[in-house]
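One structure is given here, and the rest of the page talks about it.
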There are 2 protein chains.
Amino acid sequence: MKLGQATIKDIAKALNVSSSTVSRALKDYPGISKETKRKVKELAEKLNYRPNAVALSLRKSKSFTIGVIIPEVVHFFFSTVISGIEEIAFANGYNVILCQTNESLSREMSSVDTIISNQIDGLLISYSKETTDFSHFQKLIDHNFPIVFFDRVPELPNTVNVTVDDYSGAKEAVKHLIDQGYQKIFHLAGPKNLLISTHRLDGYKDALKESNREFDPTMVESCPIGTEEESFGIITKVFQESDVRPDAVFAANDIAAAGAMRAVKSLGLRVPQDVGIVGFSNWQFSSMVDPPITTVSQPGFKIGERATQLLLKMINKKEEDPFEPITEILETELLVRGSSLKKD
Amino acid sequence: MKLGQATIKDIAKALNVSSSTVSRALKDYPGISKETKRKVKELAEKLNYRPNAVALSLRKSKSFTIGVIIPEVVHFFFSTVISGIEEIAFANGYNVILCQTNESLSREMSSVDTIISNQIDGLLISYSKETTDFSHFQKLIDHNFPIVFFDRVPELPNTVNVTVDDYSGAKEAVKHLIDQGYQKIFHLAGPKNLLISTHRLDGYKDALKESNREFDPTMVESCPIGTEEESFGIITKVFQESDVRPDAVFAANDIAAAGAMRAVKSLGLRVPQDVGIVGFSNWQFSSMVDPPITTVSQPGFKIGERATQLLLKMINKKEEDPFEPITEILETELLVRGSSLKKD
DNA sequence: TTGTACGCGTTATCAA
DNA sequence: TTGATAACGCGTACAA
């Protein structure tokens with residue numbers, strides 16, 4: 001059942017030296033005879049010796065492990081972020097412990113708890129849709145525990161955050177719809193407690209304003225659940241009941257955009273001639289549907305990389321170094337595709 | 001920088017008792033006075049005491065952590081498996097350390113190494129496309145270290161595996177194409193060293209045989225890379241150059257199917273009227289493209305769950321219990337969609 | 001009912 | 001150049 005892994009003691013015993021000598025020999029400490037060093041290394045090699053990381057953690061109070069807490073793994077954007085995290089962690093000799101919360105606050109709290117008692121060196125987190133109270137993070141922050149928020153970032157002082165410029169991305173997307181000649185643009189918004197939803201909504205509003213259009217509150221509806229069916233339902237209803245039917249939809253994510261497209265098509269309208277559609281996130285499917293969906297791509301991999309780099313920097317900084325809260329905002333990119341090209 | 005986590009010692013000192021008393025009080029050992037127990041628990045609560053998992057690991061040689069090594073995180077099927085793994089692990093109080101190999105053998109080997117020195121209790125693995133030599137796993141197997149292979153499973157004795165019935169899934173898919181009246185079915189196969197590729201190919205062959213059709217070796221081509229572009233290229237070439245143009249494509253995965261569909265369309269052929277297409281895996285996008293792609297769905301979540309259940313069983317079995325190698329094969333399901341419906 | 005001592009594997013410190 | 005010892009945090013056999 002157990003791996004008969006050799007320890008320093010085994011080597012010491014076999015060579016009739018003390019374990020401290022073995023330890024030093026293995027780490028090329030000065031003041032060890034060539035001969036001893038050779039013998040130790042030889043035997044270590046032969047026994048396939050690997051230092052016990054758990055003992056090291058205990059000794060050094062450092063585990064070379066970081067925790068990642070994420071709402072969902074089965075999500076194109078988040079899995080991309082994880083990939084970026086894993087790359088940087090691996091390159092720096094760190095392990096990654098992964099927890100998914102399934103958007104549940106209680107699970108998020110319990111994950112923080114267990115992960116912390118596992119002595120991780122730092123934490124990367126994108127909090128759940130349910131999270132409105134941040135005291136379980138505040139404790140950590142107060143203790144100067146290294147923690148980086150990504151994508152969904154809180155409005156807390158003294159935090160390190162990595163996110164994308166949701167505001168500009170949304171604004172650019174809506175301006176593009178306006179440029180294409182769409183008149184009445186409906187916005188399928190995200191959950192209200194997420195800052196990213198607010199930012200995208202703000203971008204939508206300001207794009208309208210800068211084109212001298214009225215903001216019409218009936219042209220915005222929130223999608224708290226986030227399924228394709230939800231947005232299908234909303235859009236179907238809106239398009240049937242509105243006095244003035246919208247001729248474009250800007251959705252806060254691609255799933256919602258896909259639902260909107262299906263709804264519009266099922267009402268016998270054509271995309272993009274009758275209705276223009278733009279999504280957010282560049283999910284994999286969005287380029288493969290017909291017509292392909294114009295979307296605002298977020299650099300998920302880069303977010304993961306950058307967040308991890310910042311976290312490692314926090315972990316490895318000297319105790320006395322000043323702590324610098326920062327919010328890094330990465331650029332989005334509007335990928336114009338068929339679903340919004342009214343003009344040719 | 002560090003979390004000022006309270007330890008048993010802190011509590012002991014504050015209460016003027018020995019740490020063993022505290023330890024026992026916290027764990028409701030018999031033979032502790034009610035009064036002491038109360039005081040200890042009270043203070044532990046107040047100090048937000050959490051046992052140090054690292055110290056526990058060292059003490060017990062058990063970490064309540066399992067390792068997961070996977071080719072890629074950004075992959076619908078694998079991320080679904082991870083999700084299933086995470087659920088079962090979480091429910092049983094286990095942590096998950098995640099490593100992705102990016103389909104690289106050397107990275108796979110180094111991941112096994114670091115993860116093992118982290119004293120994980122068991123390992124879940126789907127090996128890389130490059131892996132043809134299994135000695136880095138054989139070592140573990142020989143030591144009776146708990147390890148479960150999933151999806152991509154090796155032909156090794158004494159292993160525990162969870163996979164899907166690729167053979168039957170493929171056979172059913174090809175039979176469906178035959179039923180729909182397609183005559184010449186091309187097979188885009190997966191990498192040759194993966195058993196799943198072989199099984200799917202066998203299913204393809206046997207479906208033909210059972211319908212009394214000749215197997216034509218020129219009607220099979222392998223996609224070692226696995227990108228949409230690769231299959232686009234292959235199918236374009238095949239459809240232009242074949243003496244008798246195929247009228248259906250069975251692809252070993254949905255990405256390849258999508259590439260095939262794009263290729264076929266760009267040649268001016270219609271799907272499904274002129275060419276039928278079936279994929280494998282039920283990636284998220286496959287239901288959202290036009291026409292939606294018929295595909296063989298694999299129960300990714302279930303695979304993750306089942307593999308983890310088996311692993312935990314291995315981990316927690318008594319030393320003397322017999323070890324039972326097993327290969328669990330989960331059923332696939334053919335999801336018939338527009339891309340293969342010639343008949344109405 | 002409670003305390004002492006030891007060990008899990010490693011390394012830092014001090015002594016030889 | 002090497003060895004003995006203590007410590008990281010915890011659990012437990014043994015002693016009191």
Side-chain angles (χ1 to χ4, degrees), chain A residues 1-41 43-44 47-65 93 114 116-121, chain B residues 1-41 43-44 47-65 93 114 116-121:
Chain A
M1 194 77 163
K2 295 172 58 176
L3 238 37
Q5 277 292 23
T7 72
I8 281 192
K9 274 189 188 171
D10 297 329
I11 300 180
K13 204 170 291 177
L15 260 45
N16 247 322
V17 294
S18 75
S19 30
S20 19
T21 302
V22 174
S23 171
R24 283 186 285 236
L26 288 171
K27 322 200 76 191
D28 288 321
Y29 263 56
I32 290 278
S33 76
K34 286 231 153 71
E35 181 57 10
T36 317
K37 198 187 278 189
R38 192 189 54 72
K39 280 202 287 190
V40 168
K41 290 201 168 178
L43 187 57
L47 297 180
N48 191 32
Y49 169 79
R50 294 280 177 281
N52 181 323
V54 171
L56 279 175
S57 292
L58 187 58
R59 184 71 234 275
K60 306 244 185 179
S61 313
K62 174 148 172 57
S63 60
F64 283 97
T65 300
T114 55
I116 289 297
S117 66
N118 265 299
Q119 308 301 105
I120 53 165
D121 294 338
Chain B
M1 195 76 163
K2 294 172 57 176
L3 236 39
Q5 277 292 23
T7 72
I8 280 192
K9 272 191 192 169
D10 297 328
I11 300 182
K13 203 170 292 176
L15 259 44
N16 248 321
V17 295
S18 77
S19 31
S20 33
T21 303
V22 176
S23 170
R24 283 185 285 236
L26 287 172
K27 321 201 77 191
D28 288 322
Y29 262 56
I32 290 278
S33 76
K34 285 234 155 69
E35 181 57 10
T36 316
K37 198 187 280 188
R38 193 190 53 74
K39 279 203 286 191
V40 168
K41 290 201 170 180
L43 187 56
L47 297 181
N48 191 31
Y49 168 79
R50 294 280 178 279
N52 180 323
V54 171
L56 280 177
S57 293
L58 189 59
R59 180 77 229 277
K60 305 245 185 181
S61 313
K62 174 147 172 61
S63 61
F64 283 97
T65 300
T114 55
I116 289 298
S117 67
N118 262 46
Q119 310 300 106
I120 52 165
D121 294 338

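Hydrogens, waters and symmetry mates are skipped; everything else that's a heavy atom, side chains included, is used. Below, read A as the first sequence line, B as the second, and so on, with proteins coming before strands; counting in each chain starts at 1.
Between the P atom of D/dA7 and the CD1 atom of B/I8 lies a distance of 18 Å, rounded to the nearest Å. Straight-line distance from the CG atom of B/D10 to the P atom of D/dG9: 8 Å, rounded to whole Å. The interatomic distance linking A/Q5 (CD) with C/dG9 (P) rounds to 11 Å, in whole Å. Regarding A/Q119, its CD atom lies at a distance of 10 Å from the C1' atom of D/dC8, rounded to whole Å. Here the C1' atom of nucleotide C/dC8 and the NZ atom of A/K60 are 18 Å apart, to the nearest Å. At whole-Å resolution of the value, CD1 in A/I116 and C1' in D/dG9 are 17 Å apart. C/dG7 atom C1' lies 9 Å from atom CG of B/L58, rounded to whole Å. Taking atom CZ of residue B/R59 and atom P of nucleotide D/dA7, one finds them 18 Å apart after rounding to whole Å.
Phosphate contact (OP1/OP2 of C/dA12, side-chain N/O of A/Y29, threshold under 4.0 Å): present. A/K34 has no side-chain polar atom (N or O) that falls below the 4.0 Å cut-off from OP1 or OP2 of D/dT1.
Side-chain atoms of B/R38 and B/K34, non-hydrogen and from C-beta on, never get closer than 4.5 Å to each other. Between A/D28 and A/K41, the closest side-chain pair of non-hydrogen atoms falls below 4.5 Å. No side-chain heavy atom of A/L15 sits under 4.5 Å from any side-chain heavy atom of A/V22. At a threshold of 4.5 Å between non-hydrogen side-chain atoms, the residues B/T65 and B/Q119 do not count as touching.
Across D/dC10, C/dT11, D/dG11, the shortest atom-to-atom separation from the side chain of B/S23 is found for D/dG11. When distances run from any side-chain atom of B/Y49 to the nucleotides C/dC8, D/dC8, D/dC10, the shortest one goes to D/dC10. Each of C/dT11, D/dG11, C/dT10 was ranked by its minimum atom distance to the side chain of A/N52; first place goes to C/dT10.
Listed by first and then second residue, the salt bridge (Lys or Arg N to Asp or Glu O under 4.0 Å) pairs involving residues 5-22 of chain B amount to none (not counting sequence neighbours).
Of all non-hydrogen atoms in B/I120 and B/S63, the two that sit nearest each other are CA-OG, 3.6 Å. Of all heavy-atom pairs between B/I8 and B/Y49, the closest is CG1-OH, 3.4 Å. Listed here is the closest heavy atom pair of A/S117 and B/P51: CB-O, 3.5 Å.
Counting non-hydrogen atoms of neighbouring residues, nucleotides and ligands closer than 6.0 angstrom, the NZ atom of A/K39 reaches no more than 12 such neighbours.
Comparing the start and finish of the helix from C/dT1-D/dA16 to C/dA16-D/dT1, five pairs each, the helix axis swings through 60°, to the nearest 10 degrees.
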Please list, pair by pair, any protein nitrogen or oxygen found under 3.5 Å from a nitrogen or oxygen in nucleotides 2-4 of chain D.
from: D/dT2; atom 1: OP1; to: A/S33; atom 2: OG; distance (Å): 3.4
from: D/dT2; atom 1: OP1; to: A/T36; atom 2: OG1; distance (Å): 2.7
from: D/dT2; atom 1: OP2; to: A/S33; atom 2: N; distance (Å): 3.0
from: D/dT2; atom 1: OP2; to: A/S33; atom 2: OG; distance (Å): 3.4
from: D/dT2; atom 1: OP2; to: A/T36; atom 2: OG1; distance (Å): 3.2
from: D/dG3; atom 1: OP2; to: A/S18; atom 2: N; distance (Å): 3.0
from: D/dG3; atom 1: OP2; to: A/S18; atom 2: OG; distance (Å): 3.2
from: D/dG3; atom 1: OP2; to: A/T21; atom 2: OG1; distance (Å): 2.4
from: D/dG3; atom 1: N7; to: A/R24; atom 2: NH2; distance (Å): 2.6
from: D/dG3; atom 1: O6; to: A/R24; atom 2: NH1; distance (Å): 3.0
from: D/dG3; atom 1: O6; to: A/R24; atom 2: NH2; distance (Å): 3.4
from: D/dA4; atom 1: N7; to: A/S20; atom 2: OG; distance (Å): 3.4
from: D/dA4; atom 1: N6; to: A/S20; atom 2: OG; distance (Å): 3.1

